[in-house]
Amino acid sequence: MFVSESTLNFMGTKLQLISTEGHSWDAAFDPSATVDSIKRLAIQYFYPSESSVNPDQFRVIYPAESRTLTEHHALHEERVKDNEVLLFVRRRHAASVASASTAHRNPDAELKPPTAADIVAATKDLPVPSTPVKAKPLQEAIPAVHALPGNPQATHNTHQFAFDDASEHNVDFQLELRKIIISLISVMVTLLHGNPDADLVCQEMYTRIKQRLKSSAKPIEGTTFQYPPPPEIECTPHGIISGLTEAKKREFRPNMKAFEGLKEMGFNDEQIVEGLRANKNAKDAACEWILAGKKNTNDEEEGLDQNGHLFAALVSAPTIRLGLNSPKTLLAFLNILESPNNANTWLNDTDTAPVLSAIFKIYHAEKHAAPTE
Amino acid sequence: MATTSILSRTVITQIFGTEFVTSLEAEDATFGDRSSGESKSSSISNGHIHSSPAVGHVVGVSQSNSDGMKPSKSPRTSPPVDEMDTGEPKKVVQPSADVFGQLIQRQLDAVVEESKRQQRVVNQEGRLGPNIVKYDASSHIGTFIISNDRLSVNSQCNFGSVKACSCVYKGKWQYEVQLGSKGVMQIGWATLETKFSQEKGVGDTIDSYAYDGNRLRKWNKTTSPYGETWQAGDIIGCCIDLDEGKIDFYRNGKPLGTAFSNIRRGPGVAYFPAASLAYGENIVSNFGATPLQYLVEGFSPLQLQSSLDNAKTDLLLSWLNSVLSLYPGTKFCPEYVGGANNVDYQTLLVITNRLIEFLGPHLQSGFVVEQSFFPFFASCLGLPEKIMHTDIISAQNISYDKTDLLLDIMWTFLEETEMKTCLEKTCVILMNHFRSNSLSLAYPYQHYSLYCLLALARHRATRRHMIRYLLFDKTKLMHFLHVRPMDETVLKEIIPETWWPGKSPENSSSAVSYENTCRSIQQKISDLQSLQVNLMKQLLNNADGTERRPSSRALFLRKFRQYVRDVVRPGSVLHQPINKAMATFFCFLRTVGDLYREEVENNDEQKLPDFPCSMFFDTSISYYEMERVGGIASYLYKTHHKEVCQALSIPDYMPNNATTTPAQGGGRVSQGVQRGTPMPSALQLNTSDEQETTASDGSTSGENSPSPTHQTVSNRTITIAVPVPRIQPVGPVTLAPLAENMGILSTSTPTGNAITQSNGAPQRVELGITPLLPSRQAPDHNNGVHVSATSSGEDVSTPMPVPHLGAALIAGTPSGHSMLIPMLADFRNFIAQGERGFTYFPGGFVGFGGMEHRNAIQLHNPAVALLGKESGMMDVRASLRELLDNAIIIYSCGVQRHVEKVVGLRNTMEEYVKALDRANTSLNSASISEEERTELVKSVEIFTNKLDEQARHIAWVKSAVFTKERQIFVYQLLKTVLATLKSSTSEGVLFAFVPEHYISTLINLTWFLLTQMHPTVPHSSLVGLEGILTEVAEFVAKHFADTRIIIAETKDTLTQALSSFICNRTMLTALEQMPSDSQISMVKSILRPYENRAWAQSNWMLVRFWQGSGFGFQYPNALEARRPFRAKPVQDEFGISTNLPPTPSRILQNHVANVLLENQKFAVSYIHSVLNQLNWAFSEFVGLLQEIQNAALRPERVFIEARQLKICCTCFELTQALLRVVEMVSTIASPVITDASRESSEPLLARLCMLLSQIMNRIGNNTGCFAQVIELDIPGLENVTYYPLLSSVGGILVSLIVRDLEKAAEAEMPATRALLCEPSFQVESLNFFFGRNQPQNLKRIFSLQTHVPDDVSESEIGTLEKVVSHLADWTQRHETEMEALDDDSACTICYASPQNTTFKPCNHRACK
């Protein structure tokens, strides 16, 4: 504790305390005096008239060791040396920190984003741009907004037109992949010209396709319809593709229920089979199709537009280009055309995986590409 | 006046100017009064205070005791008596007016006014929403990890979108995004109406606009090419100009052009910042909370930021700057002339305090810190305040004195929390700087932030704070140890000329210039890396400890160890792949190397410290529960306590009565708890090596532990049994550091006091952990986890639910997984809070329940206990060892993955080189059409471009990733690890303590040098590599069947390693060079009979010894290589169908032969086991084939399970491999089988003949299921063909029969006779080899002839022909013989051979 110098007379630790304001107080303290008690005395000395100050508002800094003394420690515990300076400074409490900084408390409450109504209110006086790109819907929008202020639906409805073609993007990926593969194969035909391995691949696929075509040379089960004998196919990638198409066509099995239904309507077997095939076994659609007298004229599958972006992007991607040089890719492609289920096998194959994933990636990147650029 | 101001006028003038002093004089009486004596007594020159002590005591003498004790110090300068109020302090009524403070405040206000006047008030108009802009956590689509400040988002779904909470509708606005990854992201603006979905993100709808630098596109419903490829670390500026109606993007301040114009504006239209991210992509956005890095002229950040705080801060900092220069000798405290009583010095202190008082609150704002404080700090360091991409940071002007002083001052005068916040923000800024992409090799941002970091790390208090709280928690040290590769465009600039093998000769000009570029890049990067090493060295300062506090090095190691425990170690709760593992690993290595040289060796030789093998069990380094090769540490300490103590020369720590028997397993757990009682509430986790359930645990511990504390009501033990199916590293270890928290956890269960040890079982149910340990469990599954927690029972009210603890502990189990995620945050807290308690446990924890051993060992083993982790300096060697050990852990936890990536790049490049080559060759051939030419030219162009790009990347790899310097480090580390392991293995049972990852590291490092760094850095220059490789090979060969190795992982690692060694020519040579006794013992281990063990790998090794020597087994052009168009099977583990070129080893074959020939009994049992497995594998295979055939024959299309196909293939390959081994044995050790004089050879031969006949019958015809399945061409079964099986069978036949060809009598031809006697032998099946008797309508007609010359040679076929005709010949003779044989004399069992044996005593007869 603080001991009066009168009793100790030069025995204590002599210290100089300096206040925040730059005032100084020399005093001697018993080494066992706690920092806390020194603070109390210092308050009495420096701020005698201020009743509101209390020790918690201050701390004692020991500059020689650049640290703050711990409240409940005695001077000797803190190893304060004789004739040293102590700074008696005000603490800044967390509260003062918060108010001074720009940080706001309770940020969640303030983070509510503006609602549509807020936006409408804030923007109602904005001028309509003189040359709006989408002038028409905008002009429609304005009355709608005024009529139903605050209703997000109001503004939303006016853009409905913009979403109409959404389904257009929702094309069947399988179909697209076939197209891609077919056009890539046509490049491969050129690149792999004369490659013995590629010929071997063709040979292998060719025998397989022939087998498939051969086995379909029976009347379709439950009908009297029979396809004409299969055309002779060439042992080239293109020949194989057309063979595949043919085989696929022949392997179509009509839904017998639909078939019977149509049969009762008086169509002949061939018409019905063709109709159901063209309409994926949808009976009513097939019926209309037959009545309209359509024909499955074009079974040949087509590739991509050779001048399109997608094609250009695909054939100039290095990974794909590298793949196009490999007979194995040709096998993979033909195999996938044979059955899309095979795609997984080839995606797991370390040789073909890079090509296939590059195709997927480029397809997804390019599918929304602007038509003119 | 009660007190007098001591402020020195001169000092104030120097800092604030005369005007300030005048005002001060005018307003503060105390100041004015003493101003007269001031100027005379103190003189300041050159920025230093030469103070006179006399003046120092001017005023401020304590009033209360003035008369009694005040020494009359200096009569000359003693203030006037009237100033010295004589009254008691209590009586002083005059308030000490804070004129000084008010003056400063006034000046600040003036600055504010001024800047307000200068700057137009920030235009609020045009924006809507909260002032603080963050991502709107309520409106996102998809799953995100959003940071607490809601500025950084990390997508956890395939395509998720998020938008900010404020929008703009007028004016010009900007925000910035720093990319954390470089994948598919669409970043831009969207209106409120745009509805996102999992498919549609920003830019996919009308009225939303985005840029994607991954796909180089801009998006607004449709997309078109735009912008540059972005890299992680890029800062993308997104600007919207609603006055003009356009949107622009910037990359690192570089404009990418107007992306969209004429965007919709007007009533109802307002744009929000928005982003859509693919899985795993992450960004940090800056809407203006901190200054934008590249603010575009005329645009405003979205978040309004008052610049007034900055103006004030700037003024304060400018004053502070003057203050700093006035400190004598730029030192804060120590031996200033005149001591503490110097007035000028005191004035400085007071003024500093006043400035900091004003500054402190401002330093809490990230914006101010970045805008004002950080540049100030940098300028104190001698760095420019702001740097540009084109800058070059040089170390010339850097002086750390001022920053040391500044930090001293800040630590002294700032409140602790303020200082910490400020430092945290500073570190974040540094990290952002560091992570930004460099546009030049000078790496300005990286140098800049490393120098700043160095300045921080130099300062003792700051360094310690950073180690404790920042570098492993908030910002990761690892980020600073990495050097980010250059971006594509920059690489293009700095590597103008590329080269790759095949482009031009190696001495061509382009090759030379390429090499030179690589060297210069290497130089630049090496500079940066040296800085990083310096930083590490600073952080590893070992001199700043005192008797009460550990050195920074100890702190660092402790924190890093914790980081390892919590994050790096696989199996820990918070496990994630370590960031920048490769860079960190090499930085650690280099640091260890440097420190070792400086502190231990004192020479220039590059060396790493060695590990004494006692390190693994003397507890000086804690491995937590990382697996040891012999099992779990706690188990090992119990089992091998005698040996451990003997090795460490300490008394036994295990009490005699606690001998280990399985029944007492539970009791030991509880003992662990008791021993832990010095810690009032310690959590002990114990992996029990037995399978006791908790109930028995309770009862045993109750009986065996008469400890009073244990039975008091306040100390309870709760035992939770947690199932950890199949998991080897058991659960997380969070031990005593969590002490405080665990008390809470265990006492707050709903049942509270009712929990006792004996009702552990019902308790488990209440905790909701239902899948309990089964009561009966196979004894070899040691996967139970017992959690025992004693607690003092006072914290019952704390509502921390126990299931959380459970959830944390069952990490990795299917049931626990879902509970785990919400747990993480809590768990982090535990760890953070537990850290304080950690100091009591140097060296960490040995493992579950290992505490008592650890304590005991450390108590008795001063060598370990006094390593200086607690106080003072750390033992240098020990510390470096631990650091190196950390490097090994980092290596084993993440480097391999990065290495493989790099190697992958190199491999793809090779493919392109080949493809380019081919294309060029075709172009040069005469006969190509125009169309082909066009395509080929296009190919060449594409490949050349790609190769250019790759060559640049490889240049980077050569100069920054796989460098010579690093190679040497790897080599040294390999030697160290090898030496350690070799010495450990001589320690007997204590070898079991070796951590598992040491073994895998040994092997990985070997491959790293041999196949991964090589050929980028050729290994030919390494001195003594061959010898080291032989030693590695010897170690692996010796230990792959070491019984001391218990855990399956290591066994696997070693077996795999040996197999891969055998496949690699270099390593095989190493194996062949090791001492022959090692070789023989290895061969013996491989040849252990195939019963009750994993034999497939051993078998495969034998196949590899043989491949290249067998019949039709030369594969000069491997079969697979000639069929490039086959789908590869996903993986062939044991098969022969790998593409590896054959590496037959005559030496090892000889050893195999000798081993077999020397010990007939062993050989017979071995061959029998092989035949057993062959029988099994082949019947499995045929069975599966039949199933597949049945499935395929069904009329409807049946989908055959891929798994079934896989198993079928595997069985096929096993059959093939086993056949090859039989072939090898029958070729090189034929007497074992065919020498009738040898014991048991006859039945063996008969059995072999039976098996061969069976196989030939099944395969060698066109009607069996084999032929039919092959006809089906089932994808996945491509490898199942005739050739592999038939050629091996042919090989065996040749090896058996070839000796018989010369002989004339059947009696001399044991093999021929055995075969002929085999009832199932059909000579027709032999014809199949040559394609005879095969119907011509099949797709595949097998004939060995078609495999000439690729697989089989003519001479081999010739031999086989001879063998077959020999057999056919003898069959005929045999048949004639048999015909002659009447039915009576035929064996009544087989009816094929004559009865020539009589059974005694019954006299029944049968064939032999």
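In what follows, every chain begins at residue 1, and chains take the letters A, B, ... in the order their sequences are listed.
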field: Inter-residue atom distance B:Ile942.CD1 - A:Leu322.CG, 0.5 Å rounding
entry: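 Spacing of CD1 (B:Ile942) from CG (A:Leu322) equals 10.5 Å.
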- request: For atom NZ of B:Lys946, decide whether the heavy atoms of other residues, nucleotides or ligands shown that lie under 6.0 angstrom number more than 12.
  value: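 It does: B:Lys946 NZ has more than 12 such atoms within range.
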message: Please evaluate residues A:Val85 and B:Leu349 with respect to the criterion side chain to side chain contact (heavy atoms under 4.5 Å, CB included), reporting the C-alpha separation (whole Å), side-chain torsions for both, the decisive distance (0.1 Å), and the verdict.
response: CA-CA 10 Å; A:Val85 169; B:Leu349 288 184; 4.3 Å; yes
field: Region of B:Leu414 in contact with chain A, defined by heavy-atom distances below 4.5 Å
entry: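 Both backbone and side chain.
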message: Nearest 0.5 Å, please: how far is CZ in B:Arg918 from OG in A:Ser326?
response: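 Result: 8.0 Å between the selected atoms.
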- request: With a 4.5 angstrom heavy-atom cut-off, could you sort out which part of A:Leu87 is near chain B: side chain, backbone, both or neither?
  value: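 Interface part for A:Leu87: side chain.
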query: Measuring from B:Ser939:OG to A:Asn325:CG, what's the distance to the nearest 0.5 Å?
result: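 Going from the OG atom of B:Ser939 to the CG atom of A:Asn325 covers 5.5 Å.
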- request: Could you pull out the closest heavy-atom pair between A:Lys124 and B:Pro267, with the gap in Å?
  value: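 In this case the closest contact between A:Lys124 and B:Pro267 is O-CG, 4.1 Å.
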query: So which of A:Ser316, A:Ala121, A:Pro318 has the largest heavy-atom pair count under 4.5 angstrom toward chain B?
result: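 Of the options given, most contacts go to A:Pro318.
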- request: Pick one of side chain, backbone, both or neither for A:Ile61, based on which atoms fall under 4.5 Å of a heavy atom in chain B.
  value: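 Looking at A:Ile61, just its side chain touches chain B.
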message: Using every non-hydrogen atom in the two residues, find where B:Tyr345 and A:Pro63 come nearest and quote the distance to one decimal.
response: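 Looks like OH-CB, 4.4 Å.
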task: Below 4.5 Å from any heavy atom of chain B, which atoms of A:Thr319 appear? Answer side chain, backbone, both or neither.
output: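 For A:Thr319, backbone and side chain are both near chain B.
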message: I need the minimum non-hydrogen distance between B:Asp408 and A:Ser66, along with the two atoms involved.
response: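 Smallest interatomic distance, heavy atoms only, reads OD1-OG, 4.2 Å.
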task: Go through B:Ile409, B:Ile356, B:Ile351 and name the one with the most non-hydrogen pairs under 4.5 angstrom from chain A.
output: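 Maximum pair count with chain A is reached by B:Ile356.
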query: Under a 4.5 Å heavy-atom cut-off, does chain A meet the side chain of B:Leu407, its backbone, both or neither?
result: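 Neither; nothing under 4.5 Å.
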- request: Say whether, by atom type as modelled, one donor and one acceptor occur between the side chain of B:Tyr169 and the main chain of A:Leu126 under 3.5 angstrom.
  value: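 No: the side chain of B:Tyr169 does not pair with the backbone of A:Leu126.
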task: Determine the minimum heavy-atom distance between B:Val350 and A:Ser19, stating which atoms define it.
output: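 Looks like CG2-O, 4.1 Å.
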Chain A contact via B:Phe943 - side chain, backbone, both or neither, heavy atoms under 4.5 Å: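 Contact with chain A: side chain only.
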- prompt: Is there a donor-acceptor contact under 3.5 Å from the side chain of A:Thr123 to the main chain of B:Gly268?
  reply: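 At least one qualifying donor-acceptor pair exists.
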field: Contacting moiety of B:Phe272, where chain A heavy atoms sit under 4.5 Å
entry: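 For B:Phe272, the side chain is the part near chain A, not the backbone.
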message: Quick check on B:Lys938 against chain A: is it the side chain, the backbone, both or neither that has a heavy atom closer than 4.5 Å?
response: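 When you check distances to chain A, atoms from both the backbone and side chain of B:Lys938 fall under 4.5 Å.
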Taking every non-hydrogen atom, the tightest pair across A:Pro114 and B:Pro130: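 Shortest heavy-atom separation between A:Pro114 and B:Pro130 comes out as CD-CD, 4.4 Å.
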- request: Could you please spell out the steps behind the salt bridge (Lys or Arg N to Asp or Glu O under 4.0 Å) verdict for B:Glu935 and A:Arg321?
  value: CA-CA 10 Å; B:Glu935 280 301 331; A:Arg321 196 83 192 177; 2.8 Å; yes
query: Of the backbone (N, CA, C, O) and the side chain (C-beta and beyond), which part of A:Val315 lies under 4.5 Å from a heavy atom of chain B, both, or neither?
result: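 Both parts, backbone and side chain.
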- request: Check each atom of B:Asn214 against the heavy atoms of chain A and say whether the ones under 4.5 Å are side chain, backbone, both or neither.
  value: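 The side chain, not the backbone.
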- request: Grab the two heavy atoms, one from B:Glu415 and one from A:Arg59, that are nearest each other, plus how far apart they are.
  value: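 Of all heavy-atom pairs spanning B:Glu415 and A:Arg59, the closest is OE2-NE, 3.3 Å.
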Close side-chain approach of B:Leu192 to A:Ile119, heavy-atom, < 4.5 Å: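 Side chain of B:Leu192 against side chain of A:Ile119, heavy atoms only: contact under 4.5 Å found.
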task: Tell me, with the steps shown, if B:Leu936 and A:His193 meet side chain to side chain contact (heavy atoms under 4.5 Å, CB included).
output: CA-CA 11 Å; B:Leu936 282 170; A:His193 180 78; over 6 Å; no
